[in-house]
Amino acid sequence: MAAREEIVFEDFFPAMVEKLGAEGFMKELCNGFRLLMDGEKGMITVESLKKKLALLGLQGMSEEELVCMVSEGDLNGDGGLDEMEFCTLMFRLSPALMKSSRTLLEEALVSEM
């Protein structure tokens, strides 16, 4: 049986934050959410991910892997990711952003005032 190719993700989020600033980065995360979400349900589901895998360059992912991805961030147990769950998951998956998240939050709050 052939070994499955491992997918390696590089964390570009810190560079994006540096280039876009906290507010710009959050807008990009929200754009990513809208790109992946099911338009009728208003959340990212396993089905919406299946339909959009090519956009992510992840055509080889199994349904089990997609279920795990959604489950990882589904904090309220509704079977999908709302925008807040998606953004929270993206931060959790970026070790560098977790370290600097307090600074980003402070910048975002200051820009709102």
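Predicted model only: the values in this text are computed from it and were never measured. Along the sequence shown, the residues carry numbers beginning at 1.
With sequence neighbours excluded, the residues satisfying salt bridge (charged side-chain N to carboxylate O under 4.0 Å, His left out) with Lys50 are Glu47, Glu63. Every residue two or more places apart in sequence or in another chain was checked for a salt bridge (charged side-chain N to carboxylate O under 4.0 Å, His left out) with Glu28, and none qualifies. Residues that satisfy the side chain to side chain contact (heavy atoms under 4.5 Å, CB included) test with Leu93, not counting sequence neighbours, are Leu89, Met90. Scanning for side chain to side chain contact (heavy atoms under 4.5 Å, CB included) contacts around Asp82 gives Asn76, Met84, Glu85, with sequence neighbours left out. Contacts of Lys41 classified as side chain to side chain contact (heavy atoms under 4.5 Å, CB included), with partners at least two apart in sequence or in another chain: Asp38, Met43, Thr45.
Ser48 places a side-chain N or O within donor-acceptor distance of the main-chain N or O of Leu36, the cut-off being under 3.5 Å. In this structure, Lys19 contributes its side chain and Pro14 its backbone to no donor-acceptor pair below 3.5 Å.
The shortest non-hydrogen separation linking Cys87 to Leu29 is SG-CB, 4.0 Å. When all heavy atoms of Asp74 and Gly77 are compared, the pair lying nearest together is OD1-N, 3.1 Å.
Other members of the cluster containing Leu55 are Leu35, with ILVMFWY side chains joined at under 4.5 Å, either directly or via other members.
The closest side-chain heavy-atom distance from Met61 to Met69 is below 4.5 Å.
Following chains of ILVMFWY side-chain contacts shorter than 4.5 Å, one cannot reach Leu75 starting from Phe91, and the two form parts of different hydrophobic clusters.
Note that CG of Leu81 and CD of Glu72 are 10.0 Å apart. Values are rounded to the nearest 0.5 Å.
Ring geometry for Phe86 against Phe33 counts as tilted: the plane angle lies between 30° and 60°, on a 0 to 90° scale.
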